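When a ligand or atom number is given, it counts from 1 through the structure's own listing order. All values reported here derive from a predicted model rather than from experimental measurement.
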Amino acid sequence: MKKKFMAIFLALVLCLSMVACNKEDTTSSEEVTTEEGADETIKVDSDDIAQVYPVSVAGFGGDMEVKVTLAKDKIEDIEVQKDYETQGVGKLALELVRERILDGQSVNVDEVSGATVSSKALKKAVKTALEDANMDVEMFSNEYKVETDYEKELEADVIVIGGGGAGLAAAVVASDNDSSVIVIEKNGFLGGNTVLCGGIYNAPDPEFQEPQGIEDSPELFYTQTLEGGDNVGNPELVKVLTENAYDGLQWLKSLGMVFEETIIQGAGSLHPRTHQSVDPLGTGFINAYENNLKNKDSVQILLETTAEELIEEDGKIVGVKGKYKDGSDVVFKANKGVIIATGGFAKNTEMVLEYNTSGKWPNLDENTVSTNIDSIRGDGIRMAKEIGADLVDMEQMQFLYLGIPKLGHISGLVDLGAENTIFINSQGNRFVREDGRRDLISSAIFEQENGQMYLMHSNNNVDMATETSLEGVPLTELIESHKYGWQSGETIEEFAENIGVPAENLEKTIEEYNNSIDSQEDQFGRELLTKKMLEGPYFAVPRVPSLHHTMGGIRIDTETRVLDMDGNPIKGLYAAGEVTGGIHGANRLGGNAVVDTVVFGRIAGESASLEK
Ligand code: ADP
């Protein structure tokens, strides 16, 4: 966005600060012109004047507004004024890339691994500003790399592979047990998929449930988790999960994490025992761990470093081979044990297709998308398998029906209440109950003509004028730009035309849906029959099933020891979190993923640090 205007900036401010610098005022009568394209002229040091260029670029979650301050031969400052990047991921990348650009005086700096879209967006913003200022972009394009001392060999008592939820929980406990710890993390930030989760945690909790009149027990939690996973999970592991969830919650609180006092029933969680983090997404968990670990001299965290292979000696796992960002090799020696906490394999299409044998997802192909971050590629499962570990439930995969077509991630969604929406296929018809199980909805969408649906709202239920996306982008902005495919229409007819479905079908669909609210009977078995679709504007966004969680993985015992094909523990090797299998069975309950990372991450930290 290039604002064209000329303004005169009289050097009064300049003059005042020059006096403060004890310099002779030689410029007080000088006129300084704000350049075309810039919206402000400022003084950046005693002798220099800089222009502030406003730029708008597309980021990951929406348009980003950046102000770039440019002096004669220098990028003085970069200020991101408005962005919709993801908390803990893109937002962090913006800070890191900003620093790199300013330090290197170059737009040719390394992007942050795992947050390349946000990184690229900021680099583009600065480049655009340089162009707007008619400055020599070449001069600011020398390759700049952050100086790093890449040590070839490192050693610690416990090596943790993966700095997501489970890995960090393990690192906290192992270091509390006086073990030195190295965390190896592929991305340029900590948190993995856990930082992107909904921040929900299931645990029976009499202190908060009883005042709300909610009855619960670890036994009920156990039964629901096992049965909710179609009885496929390992009862022993489910028992450990459900019996230790409450203690895990108290432990998180002791690390400084704060939860809302009201207990809710998280989507797909089967009972009101869900604790909602006060901080956005999963940042509350990751911040609590980071705050604990950053003060410990015995803990070293290596970002942008990838574990590639386990080192085995005399039947024991004694270390890990890996690579730094520049491709150079590194060896991590583990005095006590190695913990694999690399998450699932949803972003590894080859693995997904190889293990998709359950018959539940016959439509998967190389275009299958995932809600996960890019680094979730089953590395830990591969590494464990290579040294003889057993895998379990690998065919069990969970889809969420809220992915962006072709991309899979879930940005750009507004109200998620099932009571406020209906799902429309390419014929303008409903085809499934909108308040049903995740797997049934996803299967039904796969069966539709184009494998996608429109998630539709009407203005009487969701106010188009005031609603924002989960990232905070105003819905009106999304609809105007058609970002993520958002469409609207004042009437059903206009709306139907805009989403390309037969208007007469859609009119009939809405009439039938509204009638089912009167009769409290729905042809698809929907139970949430509370809100009619009565008035426009109508609006909708296209969505597809997106691979969300892989329930299968490394077989472990209740102490998180990795088991071989004969069911015996592999000495020195532990695993926790989504990389493991046998806990969630055929269907993970909403709000149980983080419990898994906390409960089994803690056990892994304990087990590995006790290994002699
Ligand atoms: P969980 O919920 O099980 O903790 P997460 O997705 O939160 O899983 O975290 C897994 C982390 O492991 C991610 O941050 C991911 O980038 C990291 N990771 C995956 N593969 C590797 C690897 N080969 N080396 C280092 N880190 C890895």
Side-chain angles (χ1 to χ4, degrees), residues 86 88-89 92-93 112-116 159-172 182-201 241 248 281-286 289-290 301-310 319-325 329-330 332 338-348 351 370-386 398 547-554 556 560 574-581 583-584 588 591-605:
T86 315
V89 182
L92 212 85
V112 174
S113 306
T116 48
I159 307 292
V160 180
I161 311 175
L168 295 179
V172 169
I182 292 176
V183 179
I184 311 169
E185 170 52 54
K186 206 190 236 186
N187 286 329
F189 51 89
L190 291 174
N193 266 340
T194 305
V195 86
L196 301 183
C197 75
I200 54 174
Y201 186 103
L241 178 90
L281 304 176
T283 54
F285 302 99
I286 304 305
Y289 299 142
E290 274 195 81
I301 295 176
L302 295 177
L303 298 176
E304 303 193 310
T305 304
T306 302
E308 296 199 319
E309 203 181 313
L310 298 168
V320 182
K321 285 186 191 168
K323 277 208 179 1
Y324 289 120
K325 192 179 188 182
D329 294 326
V330 51
F332 300 96
V338 172
I339 299 172
I340 306 179
T342 50
F345 59 95
K347 272 290 194 174
N348 185 332
M351 272 180 87
S370 167
T371 60
N372 286 202
I373 53 170
D374 207 48
S375 60
I376 304 302
R377 290 176 176 263
D379 294 3
I381 296 176
R382 174 188 51 77
M383 284 186 264
K385 191 171 168 230
E386 276 167 7
Q398 181 172 70
L547 185 51
H548 189 52
H549 194 100
T550 48
M551 275 80 75
I554 302 171
I556 55 167
T560 70
Y574 306 85
E578 196 177 337
V579 76
T580 66
I583 297 160
H584 306 289
R588 177 181 63 74
N592 268 8
V594 184
V595 184
D596 178 356
T597 65
V598 171
V599 169
F600 289 100
R602 290 176 78 197
I603 297 175

Which residue and atom name correspond to the protein heavy atom nearest [atom], and how close is it?
atom	value
atom 1 (P) of ligand 1	T597 CG2, 3.7 Å
atom 9 (O) of ligand 1	G164 CA, 3.2 Å
atom 17 (C) of ligand 1	E185 OE1, 3.2 Å
atom 2 (O) of ligand 1	T194 OG1, 3.0 Å
atom 23 (N) of ligand 1	D379 OD2, 2.8 Å
atom 4 (O) of ligand 1	A166 N, 2.8 Å
atom 6 (O) of ligand 1	N193 N, 2.9 Å
atom 3 (O) of ligand 1	E578 N, 2.8 Å

Option set A307, G322, A341, A576, criterion heavy-atom distance to atom 10 (C) of ligand 1, minimum: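 Among A307, G322, A341, A576, the closest heavy atom to atom 10 (C) of ligand 1 comes from A341.
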Nearest-0.5 Å distance that lies between atom OG1 in T305 and atom CG in N187: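 Output value for this atom pair is 11.0 Å.
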Side chain to side chain, D596 and L241, heavy atoms closer than 4.5 Å: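 Yes, their side chains come closer than 4.5 Å.
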Mode of T342 contact toward ligand 1 - side chain, backbone, both, neither (heavy atoms, under 4.0 Å):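 Both parts.
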Test item, A593 contacting ligand 1 (heavy atom, 4.0 angstrom): no
contact_flag T305 ligand 1 heavy-atom lt 4.0 Å: yes
Non-hydrogen atoms of T580 and G577 that approach each other most closely: OG1-O, 2.8 Å
